[in-house]
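For reference, the structure discussed in these notes is given below.
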Amino acid sequence: MSDIIQAPPIAAHTKDHQVKLVKMAGLGAGEKSTVAISIATALAILLLWWFVAALGVVPHLFLPRPDEVLTQIGVIYRDGYAGASLSEHVSASLFRIVVAALIAISAGIPLGLLMGLNRWAKGVLDAPIEFYWPLPPLSYLPLMIIWLGIGETSKITLLVLAMFAPICLSAQAGVRSLPIERVNAALSLGASRLQLFLDIVLPSALPEILTGIRIALGVGWSTLVAAELIASTRGIGFMIMSASQFLATDVVFVGIAIIAICAFTFSAAIRFLEAFLVPWKGKL
């Protein structure tokens, strides 16, 4: 009778191992908010500014203390500057920026999309845009005065030219970055040309377009001082240039602070719009 060798039974009660989810390391700044870091940096810059001015490292004529700039804001708010109130200066600049931005957006986005979709449009429009885009606005400012006079038309036109190119080129780049596989998939599912544009091309280009608008607004605010050199009596840029002629450095700082606040507000509005319209940006 042969011996039966019985294998040891497999333990029925093995220890359950829990599956651990490993979160992949992020790339870049990550998902955590950087607001606290930004606030701390701003406070550190203000503190450094106060120490440098208070210790007299830079002469007071060229660098007033932050509290003196705050005091000057109250003075200008109460008494105005150069024959106009602070609200009139701010309103004049906001009117020019907003009107120019609306014109640049309404013209730049359609033309940029057309350049991305049609090679003839790209061939015709690319050369003039690339020709004038690198030029600083001050270089063609005299032409604006000669052609359009010294009224609001020349100022707004200068701002439109400054903001048009980044919007147009970003819209074109948004179309060009669209993967062809996505287009072919939509066509294979029976999408019409209009559906292809509205559901595939435009949403794919929208992140680039919004980024271009943010860049354009920054360029517009930096061009504002040059635009308001043209026989202006109102505007933040006019206030800055007028104060610089009389070495009123505190007033110059007030104008710079107002432009910074307005530009930050515009940029925050575009960021909010971006989060609402393209919530998938950076997640695909």
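From a predicted model like this one, the values you see are computed outputs, not experimental measurements.
You'll find the side chain of L113 stays beyond 4.5 Å of the side chain of Q172, heavy atoms only.
In this structure a side-chain-to-backbone donor-acceptor pair under 3.5 Å is missing from H89 to G80. Side-chain N or O atoms of T265 include one that pairs as donor or acceptor with a backbone N or O of I261 at under 3.5 Å. Here the side chain of S267 pairs no donor or acceptor atom with the backbone of A263 at under 3.5 angstrom. Under a 3.5 Å cut-off, the side chain of S242 and the backbone N or O of M239 do not form any donor-acceptor pair. Judged by distance alone, the side chain of S244 and the main-chain N or O of M241 form a donor-acceptor pair under 3.5 Å. A donor-acceptor pair under 3.5 Å is formed between the side chain of S154 and the backbone N or O of G149.
Aromatic pair F266/W221: centroids less than 6.0 angstrom apart.
Residues forming a side chain to side chain donor-acceptor pair (under 3.5 Å) with T249 (at least two apart in sequence, or on another chain): none. Legend: residues meeting side chain to side chain donor-acceptor pair (under 3.5 Å) with S93, ordered by chain and number and at least two apart, are E228. Residues that satisfy the ring-ring contact (aromatic ring centres under 6.0 Å, His included) test with F253, not counting sequence neighbours, are W49. Checked against side chain to side chain donor-acceptor pair (under 3.5 Å), S85 has the following partners two or more places apart in sequence or in another chain: S87. For A54, the side chain to side chain contact (heavy atoms under 4.5 Å, CB included) partners at least two apart in sequence or on another chain are W50, R65.
For L47, the CG atom is densely surrounded, since the number of other residues' heavy atoms within 6.0 Å is greater than 12. Counting heavy atoms of neighbouring residues, nucleotides and ligands inside a 6.0 Å radius, atom OH of Y140 exceeds 12 of them.
A continuous path of Ile, Leu, Val, Met, Phe, Trp and Tyr side chains, each step under 4.5 Å between heavy atoms, connects F131 with L138, placing both in one hydrophobic cluster.
Under the side chain to side chain donor-acceptor pair (under 3.5 Å) criterion, no residue pair touches residues 112-132, with sequence neighbours excluded.
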